[in-house]
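Beneath this line is the structure, given in C-alpha cells, with notes to follow.
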Amino acid sequence: MAATPMTAPRAPRSTKADATKGQLELDDIQSIIVGAYGRLPAASYLMLTIEDAARARTWAGELSTRVRNAGQGPPNEGPCINVAFTFCGLRRLQLVDQALRGFSRELQEGMWDNERRRRILGDQGRGDPERWKWGGPKNTEVDVLLLLFAKDDPGREALFADERRRFKDGGLGLIERIDSSDLGVPKEHFGFRDGISQPRLASLTSSTDEAHVVADGEFILGYPNGYGQLTTRPLVDPIHDPDGILPDDPSGSLQRDFGLNGSYLVFRQLEQDVPGFWEFIEKRASATSGSKEEARELLAAKMVGRWRGGAPLVKAPESDDPKLSTENRFRYHREDPDGLKCPIGAHVRRSNPRDSLLPKPGSAKSLAVNKRHRILRRGRTYGPPLAASLDPEDFLRAAQALREGTADAGNGRASRGLLFLCLNANIGRQFEFVQNTWINSPNFGGLYNEPDPLIGYRRDGAESFSIPADPVRETFDAIPTFVDVVGGAYFFIPGVRSLQFLARDPKPLASAYSAPAPAASYSRTSFSVHLMRVANRVMQGTIRVLRRQPFAALRNLLDVIVRPLAVAGAQFLINLRRRDEDLELGEERLLPREDELARRITGSMTHFLYKHYRSGVAERAGNTKTYGLLRARFVVAEDIADEHAVGVFQPGTEYRAYVRFGGPGPLVTPDIRNNGILSIGVKLMGVEGPKLSDDESHTQDFTGISSPTFTTPNVLENLKLQKHVYQETEAFYFINPLDSHYLDGVMQGVYAKSHGSPLDLRYWSCVPYAFGDGRAFQYSFVPTEHRRSKVPWRPSDDYLREAMVKLLAEEAVEFDFKIQLQTDPHRMPIENASVIWPERHSPWIRVGKLHIPAQRFDSAQQLAFARQISVNPWHCIAEHRPLGNQNRVRRCVYLETSKVRQRINAEPRIEPTGDEEFV
Ligand code: HEM
C-alpha cells in the first residue's frame, strides 16, 4: 500500500471516448444500433448455445474482426453480421464477475424469470413463456444471438452456411434459426406501413424536431442519457484487463468500461393472427356513412393510429394520404387533445404519446418526459404474408378459405408475425415501461379497460377499445387477442472492443481479495478540485524549498526539541478520540465492507500502473523508487528469552537476506522531491515451513517505513488518501476541514523530511504481526550507529543512492532488529495504525541483527532485479501472520500490483534464493 505519496502523478493518459462531449465512437459500435440495414432485406436470426466456452471465446474473438460497425457506414451490398449475448451466455463465456454484476437487473434476470416481469410484459395465459417456441423455461437456454443480413435469399444461405461452419467449429450449437420475410414493401403483416417513426440519435441527426431527437445515451451505453447522466453499465477493474483492451470509463472512475458503446437488445417473436384481425374489423366496422370498405379502413386505422399507407390520423383524419406516408412531425396534445382524430388508445399514440404526458401536456417538459421512454425499433416480419397483395379484401378471402378449409387457404396456416427487436440503454425505463405502462395498461391516458387494441395483453377477453367522437364516442368491446408472444430474450450487444475482451481467456486472480468489485471511483475534475490542486502545488512548492539546505540542517536541529513534543501531543489527542474496541490481545476485527475496500484499492492502484507505465517500465505503485537492493544477513541473537523464540526467531539462526531501501510513490522522482518518508523491505531466504501466500515458498518478508505510525489509520482512510493522491490534492486529505486528518498529518509531518541516507534511519513496521498464538508484535530496524549524513547543497536526482554507494563501498552497516510485544489491546491497537504503541507498556527488545556488508549494488542488472522481486508481508510463516486491516488488504494489493508490474515489464516473477549473481 502506498506510504505517504506526496508527489504528484502525471496527467492520466486519455483513452476515453469523447463520450461526455457527445461524440460517438462509431468504429466500436455495432452497426445495427445506428441503422436498420434497409438495403439488406434477407435477415436470419440465429439463437445459439455455447457448448465449449474456450472454443466459443476464440470464435468470438475472430467474429470481432467481422462484425459490422457503425463507422463502416450503411451497407449497400452486405452481408453484415452483428452479435449479442444473453446474461447466461456472458456467464458461460466467463466474463469477469464484476462486469456481470454491472448489467441491468433485467438482463440478469432474463425475460421471464420472475412473476413481476411476466405481469409487466403481459406474458401470461396465451403468452406464458412455458408455451414459447424458444427462449422459455422449457427451451434450451439461448446464449448468443447471431444476426445475419444479406441482400437476397441466396446471399443469406451462403452467409448462413459460412457462419454455421464457423460457430460449429467454435463450440456453439444452433437452437433456432428464424428468417425474416421480405413482404416487398415496408409493411407488417396486418398490412400497415411500419418503421416510420424512430427516435434520432442526437449526435447523428441533423433533425431539429424536438420530439424525436434523443440523447445518445438513451440507446448507447457510456454516453449522457436523457438525464444528462451515464446509465449504469458493467465496469471492470483494470486488474481484469491487463492487456488494456477495454476503453477507460468516460466518467473518470479509473475503471474500464465493458458497457461503453454497447446496448440492450430486446427480442420478442410476436405471432400475428392476420385472419383474426381482419375478420374482427370486417365484423365490427359499421358503415354509417360511406362504403363498408371505407368503414373497415377507418376502424383499422383508428386502432393503429395511422392509415395502412402510413399517414398519421392526426394529420390525415378523414382518409389515407400517400403524401403523408412517412409524416412524423406532429403532436397529439397540441393537434388532437381529445383523440377525435387519433384515439387515445390507438397503438401508435400510446406507444409514443409525444406531448400528451403529465404533468403538463403540450409542454416541452411533457416531450422531455416522453423521451425517457423511447426505443429504437429494428423489427422485421417473418413468415409468408396471408395474401401477397397485403390487401384487406384478399386477407378476408384467405381467412374465409381457411375457415372453410378450401384449397385457396394457401399460406393461411403458416405462422407469421413480427420479429420485434428494439434497442435501449435501460430496459426497465424504456422497453418495459412502454410495454407495461402504455401498451398493456387498461387505464392509459384516462381510459378504462382499454389496453392496446392491436397488441395489448387481454386479461379476460372483455377489454374494449373506444373511438372518441362528437357527440358520442364509439366503443368496441371484447377485443380479441391478435398478437401472441412465442419466444423472446434480453440480450446485450457489446461494443467491438468489449467483444474482444470477452474473447480472451479469463485469468483467475490469485488472492482471496481478487474477486471483483467496483474499484475506487473518482469524480470528474470539478472547479473545486482544480482549486485544491493549485493550492496543493503552492504548498508542495513551499515545502520543497524548505527541504533544501540550509533549511534541511535547521530542521534537524529543530527536530531535537519539536519532534518529541509534537508526537506526544498528537498521540495524546489521537488516543483521546479513540474508543475501546473491546478486543483481546492479538485479536482482529474486520471493517465493514473490508473486502470491497481491498478490491477498490487494488483496482485503482493497478489502474494507476497501467495508466502511467503502459508503454514504459513499470515501478511499484507505492514505495516506488528503489534506492538499492542490498545483500545482507539476518542473524537471530543467541541470548533471546525463551518467550521470544517464536517463528523465525530461533536463537543463533542465520538467514541470507535482501534488503530493499525505497522511496515513496506513486512515481519515481528526484530524491529531494520525495515526501520524506522512506521504506525498508527485508526478505529472508531459506525459511522453512508453509507460507501464507503461496507465490513464494521459502521467504519471510519484513517491511517498515521511517515513521512510527502509518500515513492512514485504516484502509477506509487509505482509500480517501489515494483519491487525493491521484487527483493531485493530497494535502487536502490531511487538512480537509470536513474530514480532517490533522493529527496523522502532524505524525507524518514530523518524520517527513530530507534525509542524508536511507542507511541512517530507523524503520518501524507501523502495523502489527502475530507472534505465535494469541500474541502480536511490531518490529523495528534500528541503525546500530548514529550516523547523520548530510543533505547535499546541490542534491543530484539520486543522491540517496549515491550516499549508500559511498558508504557501502568502504564499510558495513548494521541494524538491530527489535520487537515490541502487545500487552494492552486498547493502548496498543491492532486495527489502528495511527497509534504508537507506548514503550512504557511494552519495551522494545532486540532479538536480532541485520548485517549489510560492504558491497557494490548499483548495477543496472541489480536494480532491474529489484523490480522483479516482490516484498510482501504475506510472504511469511503462520507464526508471523500480518494483522490488522491495512495488513489484510496488503495481501491483495501487493500481490496483484506486483503481478501487473511484472506483466507490463514482461519480466518473470522471481522468488530469490540469494544465489543470484549480478554484474
Ligand atoms: C405484431 C406486433 C406489432 C405491430 C403489428 C405493430 C405495428 C405498428 C405500426 C403499424 C406502427 C406505425 C408505424 C411507425 O410509426 O413506425 C407502429 C409503431 C410503433 N410501435 Fe408497434 N407494432 C407491434 C408491436 C409493438 C411493440 C411490442 C411495441 C413496443 C413495446 C411497439 C412500439 C411501437 C412504437 C414505439 C411505434 C412508434 C410510434 C411513434 O413513434 O409514433 N410496437 N407499430
Side-chain angles (χ1 to χ4, degrees), residues 36 38 111 120-123 127 183 185-200 209 211-214 218 266-274 276-278 300-315 320 324-332 336 342 346-356 367 370-371 373-383 385-386 390 415-424 427-441 444 451-457 481-486 488 490:
M111 208 172 250
I120 284 178
L121 299 178
D123 293 343
L183 303 186
V185 281
K187 290 195 168 187
E188 50 71 51
H189 276 289
F190 292 141
F192 289 81
R193 188 172 182 127
D194 202 359
I196 307 167
S197 177
Q198 294 279 19
R200 304 274 162 218
D209 188 343
H212 299 298
V213 180
V214 178
E218 288 291 299
V266 177
F267 191 162
R268 284 165 70 85
Q269 184 175 358
L270 304 177
E271 195 136 300
Q272 291 174 253
D273 178 7
V274 182
F277 177 76
W278 281 106
K302 290 278 187 187
M303 287 171 74
V304 172
R306 286 183 183 264
W307 296 95
R308 285 196 303 118
L313 288 181
V314 169
K315 289 287 182 200
D320 201 352
L324 298 176
S325 64
T326 56
E327 179 58 55
N328 207 23
R329 283 161 304 165
F330 58 88
R331 308 273 196 276
Y332 292 113
D336 181 25
C342 176
H347 173 64
V348 298
R349 185 162 183 159
R350 64 196 302 150
S351 48
N352 177 15
R354 301 178 189 220
D355 64 341
S356 359
L367 275 184
N370 185 67
K371 285 204 276 190
H373 308 290
R374 298 296 304 270
I375 51 177
L376 264 178
R377 290 173 301 139
R378 294 286 180 257
R380 293 196 176 210
T381 54
Y382 71 94
L386 180 61
L390 298 181
S415 69
R416 62 180 58 79
L418 182 69
L419 300 170
F420 175 85
L421 278 85
C422 80
L423 295 153
N424 47 193
I427 297 178
R429 173 163 65 78
Q430 294 170 274
F431 166 71
E432 287 190 351
F433 182 92
V434 174
Q435 178 83 16
N436 178 43
T437 315
W438 292 347
I439 288 178
N440 283 340
S441 167
F444 172 80
D452 188 312
L454 204 64
I455 62 169
Y457 169 61
T481 297
F482 304 121
V483 173
D484 286 310
V485 55
V486 295
Y490 289 146

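First listed ligand is number 1; within each ligand, the first listed atom is number 1.
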Between [X] and [Y], is there a side-chain N and carboxylate O pair less than 4.0 Å apart?
X	Y	value
Asp194	Arg380	no
Asp336	Arg349	yes
Arg268	Asp484	no

Identify, by atom number and element, the atoms of ligand 1 in contact range of [X], meaning under 4.0 Å from any of its heavy atoms.
X	answer
Ile439	28 (C), 29 (C), 30 (C)
Phe431	30 (C)
Val483	1 (C)
Leu270	2 (C), 27 (C)

- request: Could you give me a count of protein N/O/S atoms that are under 2.8 Å from atom 21 (Fe) of ligand 1?
  value: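 Every protein N, O or S atom under 2.8 Å from atom 21 (Fe) of ligand 1 counted, the figure is 1.
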
- prompt: At a 4.0 Å cut-off, with the gap strictly under it, does some heavy atom of Gly195 reach an atom of ligand 1?
  reply: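 The answer is yes, since Gly195 has a heavy atom less than 4.0 Å from ligand 1.
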
message: I'd like to know whether ligand 1 has Arg193 as a neighbour, heavy-atom separation below 4.0 Å.
response: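 Per 4.0 Å heavy-atom rule, Arg193 contacts ligand 1.
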
query: Within the structure, does Arg354 bring an N/O atom to less than 3.5 angstrom of an N/O atom in ligand 1?
result: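 Yes.
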
- prompt: Taking N or O atoms only and a 3.5 Å limit, does Asn352 qualify as a polar contact for ligand 1?
  reply: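 Among all N and O atoms of Asn352, at least one is under 3.5 Å from an N or O of ligand 1.
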
- prompt: Where is the nearest protein heavy atom to atom 30 (C) of ligand 1: which residue, which atom, and how far?
  reply: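 Closest protein heavy atom to atom 30 (C) of ligand 1: Gln435 OE1, 3.2 Å.
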
message: How far is atom 39 (C) of ligand 1 from the closest protein heavy atom, and which atom is that?
response: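 Here the nearest protein heavy atom works out to Ser197 OG, 3.2 Å.
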
query: Just by distance, with hydrogens left out, do Tyr382 and Gln272 show a side-chain donor and acceptor under 3.5 Å apart?
result: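 Not at all, the side chains of Tyr382 and Gln272 share no donor-acceptor pair under 3.5 Å.
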
message: If only side-chain N and O atoms count, and only distance matters, is there a donor-acceptor pair under 3.5 Å linking Asn370 with Asp355?
response: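 Side-chain D/A pair, Asp355 to Asn370: absent.
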
message: I'd like to know if the side chain of Arg354 and the backbone of Phe330 have a donor-acceptor N/O pair within less than 3.5 Å.
response: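 Checked: pair present.
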
query: Between Arg350 (side chain) and Trp438 (backbone), is there a donor-acceptor pair under 3.5 Å?
result: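 Yes; judged by distance alone, with no hydrogens or angles, the pair exists.
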
field: Sequence-distant partners of His212, ring-ring contact (aromatic ring centres under 6.0 Å, His included), two or more places apart
entry: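 Counting only residues at least two positions away or on another chain, His212 forms no ring-ring contact (aromatic ring centres under 6.0 Å, His included).
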
message: For Thr381, give me all partners under side chain to side chain contact (heavy atoms under 4.5 Å, CB included), at least two apart in sequence or on another chain.
response: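 Here the qualifying residues are Ser181, Leu183, Glu188, His189.
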
Pairing residues for Thr326 by the side chain to side chain contact (heavy atoms under 4.5 Å, CB included) criterion, not counting sequence neighbours: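 Side chain to side chain contact (heavy atoms under 4.5 Å, CB included) check on Thr326 returns Arg193, Ile196.
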
- prompt: Just wondering, do Leu376 and Gln198 contact through their side chains at under 4.5 Å, heavy atoms?
  reply: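 Side-chain contact under 4.5 Å: yes.
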
